[in-house]
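Reckoned from all heavy atoms, side chains included, excluding hydrogens, waters and symmetry mates.
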Amino acid sequence: EEQSKELVDILGEKTSIRNDISKLEKQKRKNNISEEDFDLAKGDAVLELEKLQAKANQVKRDANRKLLQVTRLSARLKA
């Protein structure tokens with residue numbers, strides 16, 4: 001349950017960052033920001049997305065590890 005909430009939070013953060021990237025792209029198309037500013041901002045956003053994905057992957061690994069432990073314990077109790 002805790003992992004599910006954490007994954008939902010991460011998904012929300014990723015969606016927000018993707019929306020920010022879309023806004024940056026619109027600003028660039030309208031020439032409201034320079035190419036350099038766009039590249040810097042988008043680069044930062046992409047790095048943040050990568051960090052969030054790594055965090056999500058870790059949460060999934062931890063959840064799978066716990067599930068495996070519970071499965072093994074359950075199998076021993078049944079034996």
Colleague: Would you say Ile10 ends up clustered with Leu49 if hydrophobic residues are merged whenever their side chains have heavy atoms under 4.5 Å apart, either directly or through other cluster members?
Modeller: yes
Colleague: Does Asp9 pair with Lys5 as a salt bridge, N-O distance under 4.0 Å?
Modeller: yes
Colleague: Determine all donor-acceptor pairs shorter than 3.5 Å in which one atom belongs to a side chain in residues 71-79; sequence neighbours excluded.
Modeller:
from: Thr71; atom 1: OG1; to: Leu67; atom 2: O; distance (Å): 2.8

Colleague: Please report the interatomic distance CD(Glu35) to CG(Leu40), rounded to the nearest 0.5 Å.
Modeller: 10.5 Å
Colleague: With distance as the sole test, does Thr15 use its side chain to make a donor-acceptor pair with the main-chain N or O of Leu11 at under 3.5 Å?
Modeller: yes
Colleague: Look up atom CD in Glu48 and atom OG in Ser16, then write down how far apart they are to the nearest 0.5 Å.
Modeller: 10.0 Å
Colleague: Please evaluate residues Arg18 and Lys14 with respect to the criterion side-chain contact (heavy atoms from CB on, under 4.5 Å), reporting the C-alpha separation (whole Å), side-chain torsions for both, the decisive distance (0.1 Å), and the verdict.
Modeller: CA-CA 6 Å; Arg18 286 190 188 103; Lys14 287 174 66 175; 3.5 Å; yes
Colleague: From Glu6 CD over to Asp62 CG, what is the distance, rounded to the nearest 0.5 angstrom?
Modeller: 8.5 Å
Colleague: Roughly how far, to the nearest 0.5 Å, is CZ of Phe38 from CG of Asn31?
Modeller: 12.0 Å
Colleague: One pair to check against side-chain contact (heavy atoms from CB on, under 4.5 Å): Lys42 and Lys28. What are the steps and the verdict?
Modeller: CA-CA 11 Å; Lys42 184 176 179 184; Lys28 187 182 106 178; over 6 Å; no
Colleague: Can you tell me how far CD of Glu50 sits from CD of Gln53, rounded to the nearest 0.5 angstrom?
Modeller: 9.5 Å
Colleague: Working to the nearest 0.5 Å, report the span between CG of Leu52 and CG of Leu47.
Modeller: 11.0 Å
Colleague: Is the closest side-chain donor-acceptor distance between Lys60 and Gln3 under 3.5 Å?
Modeller: no
